[in-house]
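Below: the structure, in structure tokens.
Chain A is the first sequence line, chain B the second, and so forth, proteins listed ahead of strands; every chain is numbered from 1.
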Protein chains: 2
Amino acid sequence: MSEKIPRTVSKRLVSYYMCLEKLLDEGVEVISSEELARRLDLKASQIRKDLSYFGEFGRRGVGYKVEFLYNRIGEIIGVQKEWKIVLVGAGNIGRAIANYAAMREKGFKILAAFDNDPQKLGTEIAPGILVRDVRELEDFVRENNVEIGIVAVPAEAAQEVAERLEKGGIVGILNFAPVKLKTTVPVENVDITASLRVLTFEIVRRRG
Amino acid sequence: MSEKIPRTVSKRLVSYYMCLEKLLDEGVEVISSEELARRLDLKASQIRKDLSYFGEFGRRGVGYKVEFLYNRIGEIIGVQKEWKIVLVGAGNIGRAIANYAAMREKGFKILAAFDNDPQKLGTEIAPGILVRDVRELEDFVRENNVEIGIVAVPAEAAQEVAERLEKGGIVGILNFAPVKLKTTVPVENVDITASLRVLTFEIVRRRG
DNA sequence: TAGATTGTTAATCGATTAACAATC
DNA sequence: TAGATTGTTAATCGATTAACAATC
């Protein structure tokens, strides 16, 4: 354990966590790396290697206790606490995110939404989530110790929004705008059009 | 050119295409691999290597003609035609996708939406996109030669929907449900909760 | 021509996997 | 104990990068 961790393990660790959540739900108490690999379509040795970066969580000859491993991985990836979030952009995507119940259940709490459309200000984009003036963004983030900003504004506005989030003290950004944000904090991108293009490329490739 | 193409180039090729689109918009006519790399935060040699799998598109001592390269990559990744799409699931995410104007502009045409909620049937989820009964899904896909299915239903229903799409003759799936679909056709996944978890993992990692 | 930049090779780097000793 | 499965090493595989000859 405790070498340099490959960048690729982050995504897999998250997928282990989600799979263990499901197993917990199914009432499975112990699982082997082999069986977990089968479910995730990976190699068992890869799972064991990935876990070994962080410690020893299993029992030889037996496997992994689902609940124990779930909790350990949860600690590693930072699941324990509630994350405070602001949503910037109250358009279609913003509304979809705000109404996405699963997020709240999993510890992601959207404190407020922001937009620059006067028509939308003061309305509720989702139950309990008020739309505020984007000019208040920086102050709100600072005053409420918001940790994550979700950027759901048009591409042209995204970089500026990111900068204001950073100035407010945000520590991570989930970006839905199709631009590469220049920031010092980590950014995860969700780009639907790009995903569709990767998909269609794969389709034409298979056609030969 | 024409060796086996690394799986990682797909995503990059798409990002080259999107960047060239922007350059075209800015009126840039010629670009070097060095400058393109700077914009995409990659190494110039990687871009040249990636392109070399598909042919020779540049001019030594000069660079790449933006429009020419844009068109060539467009051909490679399958941009030329209009892709016919159905959307399954008329909830919040479905509605956001249906109303996402950029998709239509980029050649992704949603022919219809499907849901099992009687309340929604016959309504328009977006201008010109009717909500139909999910029981008609397979026939509709077959009759209209639909190529891509977007799955925006709850996790429990996703696998069944995927199977019906496949039976109808779909050739690719964009999946928003947090499950690993078992299919024979290519699938691209968009999982917002998973993206948030990868982001928060990165945040706690940087905190040390 | 001289300077610039490609296309491609070969070296490096990093990630995956097989194999197996340790051990429950 | 015998059988099973982990944790870890070492081998393999694949992807990135530096370097440079080709050439515009």
Side-chain angles (χ1 to χ4, degrees), chain A residues 1-16 19-20 23 28-73 76 198 201-202 205, chain B residues 1-16 19-20 23 28-73 76 198 201-202 205:
Chain A
M1 71 176 271
S2 204
E3 305 161 46
K4 214 173 328 100
I5 295 144
R7 293 173 56 267
T8 41
V9 300
S10 307
K11 282 198 185 61
R12 284 200 300 269
L13 224 54
V14 167
S15 77
Y16 301 163
C19 188
L20 288 162
L23 287 164
V28 179
E29 297 194 345
V30 173
I31 194 160
S32 68
S33 59
E34 202 62 59
E35 171 62 11
L36 198 55
R38 207 189 49 71
R39 293 202 179 220
L40 292 163
D41 206 11
L42 297 170
K43 289 280 153 68
S45 55
Q46 176 155 77
I47 294 177
R48 296 202 301 276
K49 180 90 173 102
D50 285 351
L51 295 177
S52 77
Y53 288 111
F54 303 96
E56 305 192 5
F57 305 112
R59 217 173 166 202
R60 288 161 202 239
V62 181
Y64 301 89
K65 288 181 80 174
V66 173
E67 195 180 350
F68 178 78
L69 186 58
Y70 176 73
N71 289 326
R72 288 298 79 68
I73 296 182
I76 294 163
V198 171
F201 183 19
E202 186 58 31
R205 246 166 111 171
Chain B
M1 72 178 269
S2 205
E3 303 162 48
K4 213 173 330 99
I5 294 145
R7 293 174 55 265
T8 42
V9 301
S10 307
K11 283 198 185 61
R12 284 201 301 269
L13 223 55
V14 167
S15 78
Y16 301 162
C19 187
L20 289 163
L23 287 164
V28 178
E29 297 194 347
V30 174
I31 193 160
S32 67
S33 59
E34 202 63 59
E35 170 63 11
L36 198 56
R38 209 188 50 71
R39 294 202 178 220
L40 292 163
D41 206 10
L42 298 170
K43 290 279 152 71
S45 55
Q46 176 155 76
I47 294 177
R48 296 202 300 275
K49 180 89 172 102
D50 284 351
L51 295 177
S52 77
Y53 289 111
F54 303 96
E56 304 191 3
F57 306 112
R59 217 175 165 201
R60 288 161 203 238
V62 180
Y64 301 90
K65 289 181 80 175
V66 173
E67 195 180 351
F68 178 78
L69 186 58
Y70 175 73
N71 289 327
R72 286 299 79 68
I73 296 181
I76 294 162
V198 171
F201 183 20
E202 186 58 31
R205 246 167 108 171

Ring of B:Y70, cation from B:R72 - is the NZ or CZ under 6.0 Å from the centre and inside 45° of the axis?
no

Could I get the full list of side chain to side chain donor-acceptor pair (under 3.5 Å) partners for B:R38, not counting sequence neighbours?
B:E35

Side-chain N or O of B:T8 closer than 4.0 Å to phosphate OP1/OP2 of D:dT16
yes

A correct dot-bracket answer for DNA chain C, with pairs being Watson-Crick or G-U at under 3.5 Å, [ ] for crossing pairs and | for inter-strand pairs, is ..||||||||||||||||||||||

Going 5' to 3' through nucleotides 18-24 of chain C, assign each nucleotide B (protein heavy atom under 4.0 Å from a base atom), S (under 4.0 Å only from sugar-phosphate atoms) or - (no protein heavy atom that close).
BBB-BBB

For B:E34 and A:Q46, find the nucleotide of DNA chain C closest to each by heavy atoms; which residue's nucleotide sits nearer the 5' end?
B:E34

Please state how far atom OH in B:Y53 lies from atom C1' in C:dT6, giving the value in whole angstrom units.
16 Å

Specify the separation, in whole Å, of atom CG of A:L36 and atom P of D:dT5.
13 Å

Separation of A:R12 atom CZ from C:dA15 atom P, in whole Å?
9 Å

With B:K11 via side-chain contact (heavy atoms from CB on, under 4.5 Å) - residues at least two apart:
A:V198

Output the single nucleotide from D:dT8, D:dT16, C:dA15 whose closest atom is nearest the side chain of A:S52.
D:dT8

According to side chain to side chain donor-acceptor pair (under 3.5 Å), who are the partners of B:R60, at least two apart in sequence or on a separate chain?
none

Whole-Å distance, B:K11 NZ to D:dA15 C1', equals 14 Å

Expressed in angstrom and rounded to an integer, what is the separation of A:I31 atom CD1 from D:dT5 atom P?
11 Å

Write down the distance between CG (A:L42) and C1' (C:dT17), rounded to a whole number of angstrom.
12 Å

Tell me, which of residues 65-73 of chain A have any heavy atom that sits under 4.0 Å from an atom in DNA chain D?
none

Roughly how many Å is it from CG in B:D50 to C1' in C:dT8, rounded to a whole number?
13 Å

